[in-house]
**Q** 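One structure is given below, represented as structure tokens, and several questions about it will come after.
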There are 2 protein chains.
Amino acid sequence: MSKEKHHHGDLREALITAGLDLLEAGGPAALTLRKCAALAGVSHAAPAHHFNGLVSLKAAIIARGFRIFARIMEQHRASAAPGPRAKLLAICQGYLAFSASHAALFRFMFQDFGDLKQQINDSVLNELEQESTHAYQVLREACAPFAPVGGHEHSTEVLVWSLVHGYATLFGGGKKPKTPSGPVPDFAQILPDFPLR
Amino acid sequence: MSKEKHHHGDLREALITAGLDLLEAGGPAALTLRKCAALAGVSHAAPAHHFNGLVSLKAAIIARGFRIFARIMEQHRASAAPGPRAKLLAICQGYLAFSASHAALFRFMFQDFGDLKQQINDSVLNELEQESTHAYQVLREACAPFAPVGGHEHSTEVLVWSLVHGYATLFGGGKKPKTPSGPVPDFAQILPDFPLR
DNA sequence: TTGTTAACTTGACACTGTCAAAATAGAGGA
DNA sequence: TCCTCTATTTTGACAGTGTCAAGTTAACAA
């Protein structure tokens with residue numbers, strides 16, 4: 001039942017954090033089952049008893065990433081000025097802060113999300129769906145005051161999510177982002193003005 | 001000078017197209033130097049004389065991807081109704097069409113773009129910069145009529161690029177895209193109305 | 001203490017990228 | 001025609017990867 005027993009204290013957790021470290025240190029190519037095992041101090045085949053192969057470990061790492069992702073957005077929202085516009089902007093800046101502070105993890109999450117979901121039948125899939133949905137809800141709540149009343153109630157959240165995700169993907173990584181034709185404006189300058197519902 | 005000589009007609013080209021096929025068939029994990037070589041009918045070490053390792057082949061594949069990308073956007077623009085708004089929307093729909101018809105390539109391009117650029121010192125880097133810049137120019141031209149006159153002249157193109165890229169990444173892949181809370185509206189419904197300059 | 005089961009190790013296999021050395025084909029000059 | 005000579009390709013090897021099978025060890029229950 002409890003995970004604190006046997007040789008290693010909590011190998012499953014150690015493998016996930018080892019994977020996060022490897023990912024941030026050396027990119028996706030450095031995320032290796034054997035390196036995770038070595039970093040956790042166990043033999044190369046030990047992870048097989050906690051994860052259904054490499055893809056399951058990757059899925060667990062992505063799920064952990066979504067948890068960190070949601071936490072950072074919530075922290076930004078907590079320290080925002082009052083008002084729906086300020087809260088929405090804070091959430092977006094949390095989004096961008098995560099994509100910058102966890103650049104490799106951020107790209108890894110959205111790159112392999114779709115591919116991985118079809119390769120795992122674990123309980124990991126459940127955890128992954130849960131964490132990613134929660135992260136989306138954080139952004140969705142911030143968009144709710146701006147949802148249009150007519151037919152397309154999701155259009156604002158889809159717009160904001162697409163906008164901030166594209167911005168993070170294309171320009172968020174580098175310290176001084178630029179297009180081929182010039183510097184990139186701040187995100188606050190491209191976020192449209194939405195009418196309150 | 002010409003590439004049509006020696007054993008294989010044009011091995012470099014054959015390796016790139018083999019890589020494109022493998023990528024679309026089996027995802028990024030299936031893109032392998034040895035498989036590319038086998039698909040081109042040469043031995044496993046033959047690619048070394050045309051590409052400075054696997055990363056260079058990947059960079060060449062991405063460069064080719066940007067060329068296809070730009071071509072598809074230009075085709076959509078050519079068959080668009082007159083008027084700057086229709087042309088901009090057509091470019092975006094070309095963007096989305098590419099991300100759907102070349103899903104694996106699209107994700108591969110923007111995932112490894114940044115990582116790869118720091119690992120190649122080839123002439124491939126030149127080709128990659130050139131093709132990607134050209135693709136960006138296509139989108140930039142379509143945004144030009146809507147560029148604001150004040151200080152932030154790039155804000156519209158950055159907005160549109162972020163928006164369409166995020167939309168393609170998050171919702172473009174699946175046939176019936178949906179958020180955790182409902183169906184996704186068409187892109188035309190979330191593209192804001194920009195004032196003409 | 002004994003037995004049982006989960007956790008882990010050891011060893012092996014096919015596959016990967018990369019390197020060194022050998023072999024081969026094509027072109028240009030005698 | 002023959003003969004270099006260089007670019008291209010092949011063969012062979014190496015370390016590293018994920019995964020499987022079998023053996024070993026540790027923790028706990030009876």
Side-chain angles (χ1 to χ4, degrees), chain A residues 1-16 18-19 21-23 25-62 108 112 115-116 118-124, chain B residues 1-16 18-19 21-23 25-62 108 112 115-116 118-124:
Chain A
M1 169 85 65
S2 77
K3 294 192 173 68
E4 291 80 12
K5 58 179 179 178
H6 281 303
H7 307 162
H8 195 286
D10 190 349
L11 183 54
R12 186 189 152 94
E13 186 65 23
L15 289 169
I16 292 176
D21 291 346
L22 287 169
L23 190 58
L31 178 51
T32 283
L33 252 187
R34 290 172 111 104
K35 283 185 191 152
C36 287
L39 216 70
V42 294
S43 79
H44 66 265
H49 281 259
H50 294 274
F51 297 101
N52 184 14
L54 177 63
V55 288
S56 285
L57 173 57
K58 285 181 175 177
I61 290 171
I62 292 178
F108 186 66
D112 297 336
D115 296 339
L116 255 52
Q118 299 168 345
Q119 299 184 40
I120 53 174
N121 47 2
D122 252 338
S123 66
V124 171
Chain B
M1 170 78 70
S2 78
K3 293 192 173 69
E4 291 81 11
K5 57 178 179 179
H6 281 305
H7 308 161
H8 196 285
D10 190 348
L11 183 53
R12 186 190 153 93
E13 187 65 22
L15 290 169
I16 292 177
D21 291 346
L22 287 169
L23 190 58
L31 179 51
T32 285
L33 253 186
R34 289 171 111 105
K35 284 184 190 153
C36 287
L39 217 70
V42 295
S43 78
H44 65 265
H49 280 261
H50 295 273
F51 297 101
N52 183 16
L54 178 62
V55 288
S56 286
L57 174 57
K58 285 181 174 176
I61 289 172
I62 292 177
F108 186 66
D112 298 335
D115 296 339
L116 255 51
Q118 298 167 346
Q119 299 183 41
I120 53 173
N121 48 1
D122 251 339
S123 66
V124 171

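Just so we're on the same page: letters track the sequence lines, and every chain starts at 1. In this text, all values refer to a predicted model and were calculated from it rather than measured experimentally. Note: hydrogens, waters and symmetry copies are ignored here, and every other heavy atom, side chains too, is used.
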**Q** Can you list, in residue-number order, the parts of residues 28-41 of chain A that come under 4.0 Å of DNA chain C, counting heavy atoms only?
**A**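 Here the set is R34(A).
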**Q** Near DNA chain D, counting only heavy atoms under 4.0 Å, which residues of residues 46-55 of chain B show up?
**A** A46(B), H49(B), H50(B)
**Q** Going from CG on N52(A) to CD on Q119(A), what distance comes out if it is rounded to the nearest 0.5 angstrom?
**A** 10.5 Å
**Q** Could you check whether any side-chain heavy atom of F51(A) comes within less than 4.5 Å of a side-chain heavy atom of K58(A), counting everything from C-beta outward?
**A**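 With C-beta onward as the side chain, the pair stays apart.
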**Q** Side chains of D115(B) and V55(B), heavy atoms from C-beta outward: is any pair under 4.5 Å?
**A** no
**Q** As an exercise, state the distance from CD1 of I62(B) to CG of L116(B), rounded to the nearest 0.5 Å.
**A**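 It is 5.0 Å, given to the nearest 0.5 Å.
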**Q** For R12(B) and dT9(D), give me the distance from atom CZ to atom P, rounded to whole Å.
**A** 13 Å
**Q** About how many Å separate CG of L11(A) and NE2 of H50(A), when rounded to the nearest 0.5 Å?
**A** 4.0 Å
**Q** Should F108(A) and L31(A) be marked as a side-chain contact (heavy atoms from CB on, under 4.5 Å) after you check the CA-CA gap, both sets of side-chain angles, and the distance that decides it?
**A** CA-CA 10 Å; F108(A) 186 66; L31(A) 178 51; 3.7 Å; yes
**Q** With a 4.5 Å limit on heavy-atom distance, are the side chains of L57(A) and C36(A) in contact?
**A** yes
**Q** With rounding to the nearest 0.5 Å, note down the distance linking NE2 in H44(B) to OG1 in T32(B).
**A** 13.5 Å
**Q** Which whole-number value in Å describes the distance from D10(B) CG to dT8(D) P?
**A** 11 Å
**Q** Considering only dT11(D), dT9(C), dT19(D), which nucleotide approaches the side chain of H44(A) most closely?
**A**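 Nearest nucleotide to the side chain: dT19(D).
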**Q** Between L11(B) (CG) and dA25(C) (C1'), how many Å, whole number?
**A**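 Rounded to the whole Å, the gap is 14 Å.
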